[in-house]
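What follows is a set of notes on a single structure, which appears directly below.
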Amino acid sequence: MRFLLSTRLLAASVAIGALAACGSGGGINPASADASSRTAGAVLNGAGAPVDGGILNLSMSADPLCLDPHAISSDVEQIFGRILTDNLIYLDTEGNPGPWLAEKWEISADGKVYTFHLRQGVTFSDGAVFDAEAVVANFEHMLDPDTRSPLAGPYIAPYESSRIVDPYTLEVTLKQPYTPFLDVLAQGWLGLLSPKAIKESTPAQLCEKPVGSGPFVLTGYTKTQGATFTKRAGYDWGPPQLGYSGAAHLDGINVSWVGQDAVRFNSLVSNQYQATGYVPAQNASAVKTNPNLVYSNVNRIGLPYTIEFNTSRAPFDDLAIRQAFVSAVDREALVKTVGFGERQLATSFVDRVTKYYDPEVKLRGHDLKQANELLDKAGWTGRDAEGYRTKDGKTLLVQWPVAQTATISPIFDLVQAQVKAAGIKVNIELLPSAQLTTRRYNGDYDLSAGVWHTNTPDVLYIKYATFSIPNEKRLGQNTSRISDAQLDGWLEEARRTGDKAKLTELYGNAQQRLAELVPGFPVYDNSVLWAFSAKLHDVVVDTSHGTPYFAYSWLEK
Amino acid sequence: MRQLKRIATRFAAGLGVLWGAATLSFVALHVTAGDAALATVAGDGANPTQAVLERVRADYGLDQPLWQQYLGYLGRLLQGDLGESYQQRVPVASAIGEQLGETVQLALSAALVAVVLAVGTAVLTARRRPWIRSAASGTELVLTSFPTFVLGLVLLIVFSFPAGWFPVSGNDGVSALVLPTFTLALPIAATLSQVLRTELEEVLEQPFILTARSRGMRDAAVRLRHALRHALIQIVTMSGFVIGGLLGGAVITETLFVRRGVGQLMLTATTTKDIPLVLGVVLFAAAVYVVVNLVVDIVYGLIDPRVVTA
């Protein structure tokens with residue numbers, strides 16, 4: 001019995017690691033939430049003259065089990081991608097596409113043809129040359145069903161064909177205009193691999209040994225244990241905006257997977273590692289007060305941590321019930337409790353650092369009286385023995401399947417307790433991840449929660465377009481299953497237009513409309529919380545996902 | 001001849017156990033909710049196309065009727081093919097093989113520590129003053145009823161976090177093995193020592209002990225040479241329990257200390273519904289049981305032919 005019980009506990013804690021890898025992070029300190037502390041592109045701990053040498057020991061929460069960036073959706077790739085590969089595009093500090101391996105580009109008037117002019121003299125670590133053919137091989141690899149790409153492939157789904165104009169000029173044609181194209185090309189999951197390695201390896205082999213052109217080369221990988229990366233001699237093609245050039249200062253980077261939050265944090269403090277990702281919010285103040293540690297807390301572009309209603313079935317197919325539920329929830333209290341002062345209250349369906357974020361959007365506030373009025377009006381006037389509302393003898397009950405973990409997020413319990421005051425019964429079901437995934441795709445739930453990070457406001461299309469509702473044909477991410485013609489129109493138009501004023505209007509409209517439709521309610525702007533040794537200098541904050549970028553970091557002796 | 005026949009029967013029974021384990025796990029994995037293809041490619045942060053999902057279904061035969069999948073699985077098993085892990089995309093055998101060494105290392109060191117601790121405690125405390133016995137059996141009770149997870153955390157909090165005497169995690173070297181070994185060994189040692197003490201106390205009341213003592217033999221010698229030898233048979237008898245404790249405990253210990261090993265592998269495979277990998281680990285664990293029991297049987301037969309009944 002003891003064995004069974006503890007195994008369950010443990011199954012749970014592993015799931016946490018896996019979840020953390022999919023996008024949870026720390027938070028942002030409201031006190032220091034000014035732009036300076038979380039500007040993408042900023043250099044952290046920049047003082048001192050760089051010295052060469054040393055190995056950076058880095059701990060992360062979970063092994064993605066495959067290191068081919070095109071074949072995984074793990075959050076870890078945001079770090080790995082920047083260690084192992086280079087991208088065509090690097091976003092600037094404003095979030096606009098800038099050059100990297102693509103020096104410049106032209107977009108046809110109809111928005112469907114992109115002509116890339118590629119950087120010359122770049123090679124992959126296996127000797128393969130970076131050229132137009134290499135880029136084509138990468139696009140094809142991302143889209144090949146054999147790669148089983150969960151992210152990279154879908155991100156370039158509008159890709160139709162390529163024409164090699166000359167070895168360093170590539171013309172890419174899309175099926176339809178898709179303005180997020182350049183942005184997504186800047187993501188770690190779309191880092192470029194050696195065409196030679198792609199051709200000579202099976203997808204499974206590429207998982208074990210991807211070959212990139214980045215500042216470090218993968219030299220060892222032991223599943224569930226760690227990976228070692230060694231400095232690439234002669235590397236000289238980092239993103240020009242970083243203002244650095246040449247090869248890395250570090251001799252290498254060793255990555256270890258340490259699933260337990262407490263263990264990961266304490267092994268950082270004991271200096272077993274010099275950097276760690278996904279520091280739990282409750283440890284943030286300990287990091288900040290420790291003079292040997294540097295703290296990084298950068299908001300991520302995309303959907304805030306959001307609790308979504310399944311609008312395709314009762315009771316949340318009724319707008320009034322959704323409004324009532326939100327009114328019954330005290331979001332500020334939630335953020336305070338789970339964020340330990342490290343998270344910012346979300347104010348829209350994209351978080352503050354997303355391009356075209358609309359600060360004018362008004363989300364419903366906590367108003368228990370209004371919640372009760374709305375429910376009365378909707379006919380849920382009876383009460384059962386426990387005090388929950390009933391209508392026609394049925395209790396107002398909502399199902400909330402969540403991933404089984406050792407430390408269940410207190411958010412679930414808090415929401416459950418808060419809405420109980422309005423007479424709504426929330427049934428939290430703890431499920432293994434395989435079951436949860438299936439329930440989500442089958443639409444068998446009333447509430448779901450999560451984040452979605454991408455580096456463009458197109459996240460709204462991914463989350464709320466009718467196209468993105470999971471069905472037989474595709475496994476979309478519209479978990480609220482909201483379908484609104486007006487919203488679809490704006491989001492689709494935004495995908496076709498490059499005009500900034502027009503985009504401001506379209507994305508503003510979309511955010512306002514979502515506030516009216518209430519497909520869910522954003523809770524906090526998710527951010528990525530990192531901690532590292534004060535001896536590690538010049539850590540760049542990546543502009544795509546706010547994660548550390550170690551290409552030009554150096555270790556004090 | 002009779003001995004051989006007995007071993008052959010036991011061997012056949014062992015194969016039956018393996019087949020049963022494979023079948024039960026296969027059924028259990030398939031009847032529990034959750035679509036393996038979805039779990040493989042459509043986790044929390046994924047947005048795969050239907051083409052990818054269909055490819056995965058076809059690759060793993062998940063689109064076939066269950067009985068066909070089962071027969072196919074058994075057929076491949078007979079050819080010694082455990083299949084390919086859905087998540088890791090490598091043969092199950094090599095996925096297990098890659099992790100096995102670390103688990104064996106941990107299990108052996110834990111077994112050694114457990115036996116030494118149990119024998120030591122039992123010999124020192126059997127038929128002593130009541131308060132010594134109470135202290136020992138009280139500690140044992142606490143250790144056996146403590147969840148391994150909590151025990152490991154306590155060890156970490158005492159020996160690793162504040163002073164940094166031992167590394168918090170990982171597989172690097174002997175020092176990284178110390179805390180996991182004790183986490184795994186202590187509950188097993190506690191149970192073994194309880195059983196051993198009871199056994200020792202019984203033996204110590206036997207007439208032949210009195211005879212030995214009356215010959216002027218020292219207490220320590222009586223305990224070690226005479227009583228212990230009899231009591232040790234209990235450890236052989238309990239080898240099933242010990243192996244079970246080691247395998248089960250390894251899952252927890254490896255996860256807590258973030259050690260590579262079969263335990264971690266099993267856990268990840270279970271939560272992600274990596275069917276071939278779970279089945280592979282179950283079969284592996286069952287095979288270990290079968291082999292150990294077979295060996296114990298044979299050893300028993302050699303020690304004491306009276307036990308031969310089959």
Side-chain angles (χ1 to χ4, degrees), chain A residues 2-3 5-7 9-11 13-15 18-19 21-23 65-66 73-75 145-151 153-154 157 203-204 207-208 222-225 256-260 262-264 266-267 270 272 403-404 432-435 437-439 441 450 452 462 472-477, chain B residues 32-36 38-56 84 87-90 95 98-99 144-145 147-150 153 156 160-161 164 167-171 187 244-245 248-249 251-252 255-261 264-265 267-268 270-273:
Chain A
R2 182 164 53 84
F3 164 63
L5 195 71
S6 343
T7 311
L9 255 174
L10 256 269
S13 57
V14 158
L19 274 185
C22 292
L65 294 175
C66 169
S73 59
S74 166
D75 215 34
D146 270 346
T147 307
R148 295 190 206 160
S149 180
L151 268 185
C207 272
E208 307 245 303
T222 314
K223 286 214 167 103
T224 69
Q225 167 92 353
S256 300
W257 286 290
V258 183
Q260 300 294 328
V263 174
R264 200 166 57 250
N266 282 290
S267 51
S270 69
Q272 196 176 347
Q404 200 172 46
S433 62
Q435 283 189 38
T437 307
T438 308
R439 289 275 295 266
Y441 284 113
W452 187 273
I462 294 169
E472 292 295 306
K473 297 241 163 58
R474 74 191 74 80
L475 303 169
Q477 281 294 326
Chain B
T32 50
D35 179 333
L38 275 176
T40 303
V41 289
D44 230 15
N47 198 12
T49 57
Q50 185 69 13
V52 167
L53 192 71
E54 273 161 16
R55 180 65 61 98
V56 169
E84 188 197 279
Q87 297 285 340
Q88 297 198 18
R89 306 182 79 165
V90 294
E98 206 175 52
Q99 311 282 337
T144 43
S145 48
T148 312
F149 189 71
V150 178
L153 270 179
L156 274 174
S160 185
F161 290 168
V168 178
S169 61
N171 296 54
V251 177
I252 292 144
T255 309
L256 182 64
F257 291 92
V258 207
R259 283 184 66 83
R260 208 145 58 82
Q264 275 234 35
L265 189 71
L267 212 51
T268 324
T270 311
T271 53
T272 53
K273 208 165 165 132

Exercise. Side chain, backbone, both or neither: which part of Val90(B) has an atom under 4.5 Å from a heavy atom of chain A?
Worked result: side chain
Problem set entry | Heavy-atom closest pair, residues Asn47(B) and Gly476(A) | OD1-CA, 3.8 Å
Problem set entry | Most contacts with chain B, counted as non-hydrogen pairs under 4.5 angstrom, among Pro432(A), Pro154(A), Ala157(A) | Pro154(A)
For this session: To the nearest 0.5 Å, tell me how far Leu156(B) CG sits from Asn266(A) CG.
Result: 8.5 Å
For this session: Indicate yes or no for a side-chain donor-acceptor contact from Gln225(A) to the backbone of Gly261(B) under 3.5 Å, with no hydrogens or angles considered.
Result: no
Exercise. Is the backbone N or O of Asp35(B) less than 3.5 Å from a side-chain atom of Thr438(A), with the two atoms forming a donor-acceptor pair by type?
Worked result: yes
Exercise. For Leu265(B), is it the side chain, the backbone, both or neither that has a heavy atom under 4.5 Å from a heavy atom of chain A?
Worked result: neither
Exercise. Does any heavy atom of chain A fall under 4.5 Å from the side chain of Gln99(B), the backbone, both, or neither of them?
Worked result: side chain
Exercise. Do Val41(B) and Pro150(A) have side chains that get closer than 4.5 Å, going by heavy atoms?
Worked result: no
Exercise. Can you name the one residue among Gln87(B), Gln88(B), Gln264(B) that meets side chain to side chain contact (heavy atoms under 4.5 Å, CB included) with Lys223(A)?
Worked result: Gln88(B)
For this session: Decide yes or no on side chain to side chain contact (heavy atoms under 4.5 Å, CB included) for Thr437(A) and Lys273(B), but give the supporting numbers first.
Result: CA-CA 11 Å; Thr437(A) 307; Lys273(B) 208 165 165 132; over 6 Å; no
Exercise. Chain B heavy atoms under 4.5 Å from Ser149(A): which part of the residue, side chain, backbone, both or neither?
Worked result: backbone
Seminar exercise, completed: Closest non-hydrogen atoms of Gln477(A) and Ala46(B), given as atom of the first, atom of the second and distance, are NE2-O, 2.6 Å
Problem set entry | Nearest heavy-atom neighbours spanning Ala39(B) and Ala434(A) | CB-CB, 3.7 Å
Problem set entry | Considering all heavy atoms, the nearest Asp146(A)-Arg89(B) contact | O-NH2, 2.9 Å
Exercise. Of the backbone (N, CA, C, O) and the side chain (C-beta and beyond), which part of Cys66(A) lies under 4.5 Å from a heavy atom of chain B, both, or neither?
Worked result: neither
